[in-house]
Amino acid sequence: MKLVKHIANLGYGSRKQVQLMFREGRVTDADGEVLYADDKVEHDAIRIDGEPLDPPPGLTLMLHKPTGYTCSTKDHGRLIYDLFPPRFRERSPLLSPVGRLDRDTSGLLLLTDDGALLHRIVSPKSKLDKVYETQLAQDLRGDEAATFASGTLMLESEDKPLLPAELETLGPRSARLTLHEGRYHQVRRMFAAVGNHVEALHRSRVGGLGLGELAEGQWRALSAADLETLFGAMP
Ligand code: URA
């Protein structure tokens with residue numbers, strides 16, 4: 001691919017703007033030698049204003065989503081894309097969230113520009129558990145774990161019961177829930193179905209991957225080793 005197109009696709013500007021960056025001598029190699037638009041150069045050797053380029057397509061990120069941010073490119077209020085450099089919103093292919101977290105849910109959110117990988121992560125065949133930590137409005141009654149594990153719980157306006165899910169009680173009003181599927185507002189609707197209300201919801205794990213040291217609002221690119229951890233023993 002031509003350099004101008006490659007850099008424009010990474011969101012640094014329109015092709016016209018990137019052409020201008022070349023003319024202004026802002027695009028260099030690692031030694032500071034000015035590059036020209038028709039040079040043949042490896043991605044890793046390119047600098048813009050002395051800074052390495054963002055990772056090329058095939059990028060998967062992990063974000064520690066804070067509450068108050070919407071998983072959408074256009075909506076009123078704060079968007080998860082506000083937490084990345086503005087050019088990330090202009091990348092082609094686009095970085096899309098893998099599933100969604102509600103505006104009021106915090107925790108681990110994956111984004112990728114790799115469509116096949118996205119499908120693999122959300123596919124039931126991959127069997128990637130999702131773990132949620134919940135703070136509840138009312139004390140647990142004690143029968144919720146059995147209800148969630150039953151495989152017969154039916155949510156309002158759905159025609160198929162939920163798959164069995166595991167509930168671990170952490171305190172009178174706090175619990176960890178492990179899901180093996182992802183339905184709309186699933187955790188909040190499950191607790192509503194047993195007469196409770198989720199006051200705070202945080203996703204701590206997807207597959208084998210946790211947030212580690214990543215603070216709220218921070219993100220990092222996933223390595224091949226992270227992807228192996230995500231899928232665990234799965235092929
Ligand atoms: N279940 C919910 O209710 N909300 C989320 O954000 C994720 C799972």
Side-chain angles (χ1 to χ4, degrees), residues 60-84 95-112 118-124 126-141 144-145 147-171 173-212 214-219 230:
T60 302
L61 306 175
M62 167 164 90
L63 169 69
H64 186 160
K65 179 191 172 297
T67 57
Y69 286 78
T70 306
C71 293
S72 160
T73 45
K74 34 184 184 298
D75 199 55
H76 303 297
R78 294 178 175 83
L79 306 177
I80 52 165
Y81 291 96
D82 300 340
L83 298 163
F84 302 109
L95 273 170
S96 309
V98 181
R100 288 181 175 223
L101 290 178
D102 302 339
R103 192 170 66 90
D104 294 328
T105 302
S106 62
L108 200 170
L109 180 72
L110 298 172
L111 293 99
T112 187
L118 189 149
H119 285 294
R120 187 172 164 218
I121 296 171
V122 298
S123 165
S126 293
K127 295 201 170 80
L128 295 190
D129 298 347
K130 278 158 265 165
V131 180
Y132 294 90
E133 318 289 328
T134 60
Q135 291 297 327
L136 303 165
Q138 298 181 47
D139 287 1
L140 288 155
R141 298 187 305 227
E144 295 87 348
T147 305
F148 292 168
S150 68
T152 60
L153 180 63
M154 196 74 122
L155 294 179
E156 235 179 75
S157 70
E158 300 228 353
D159 54 7
K160 255 175 64 196
L162 295 177
L163 292 176
E166 293 84 52
L167 185 76
E168 187 187 337
T169 302
L170 303 173
R173 293 185 181 188
S174 66
R176 177 173 297 137
L177 182 61
T178 303
L179 300 185
H180 309 284
E181 61 187 331
R183 302 207 199 170
Y184 181 66
H185 289 176
Q186 183 168 344
V187 177
R188 295 178 200 276
R189 291 164 76 210
M190 285 172 76
F191 279 100
V194 293
N196 213 321
H197 175 76
V198 172
E199 293 211 312
L201 183 57
H202 175 84
R203 182 156 72 187
S204 54
R205 191 163 67 76
V206 176
L209 207 58
L211 283 162
L214 208 59
E216 240 187 27
Q218 287 188 338
W219 59 272
L230 171 71

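For ligands, and for the atoms within them, numbers begin at 1 and follow the listed sequence.
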Qualifying residues under salt bridge (Lys or Arg N to Asp or Glu O under 4.0 Å), relative to Glu144, sequence neighbours excluded: none

Among Leu63, Val206, Leu101, the one residue meeting side chain to side chain contact (heavy atoms under 4.5 Å, CB included) with Leu108: Val206

Matching residue for Ser106 among Arg203, Lys65, His202, His64 - test: side chain to side chain donor-acceptor pair (under 3.5 Å): His202

Protein residues having a heavy atom less than 4.0 Å from any atom of ligand 1: Leu101, Asp102, Thr105, Tyr132, His185, Gln186, Val187, Arg188, Leu201

Residues that Asp104 engages under salt bridge (Lys or Arg N to Asp or Glu O under 4.0 Å), provided they are two or more places apart: none

Partners meeting salt bridge (Lys or Arg N to Asp or Glu O under 4.0 Å) with Arg173 (sequence neighbours left out): Asp139

Among Val198, Thr67, Leu201, side chain to side chain contact (heavy atoms under 4.5 Å, CB included) partner for Thr105: Leu201

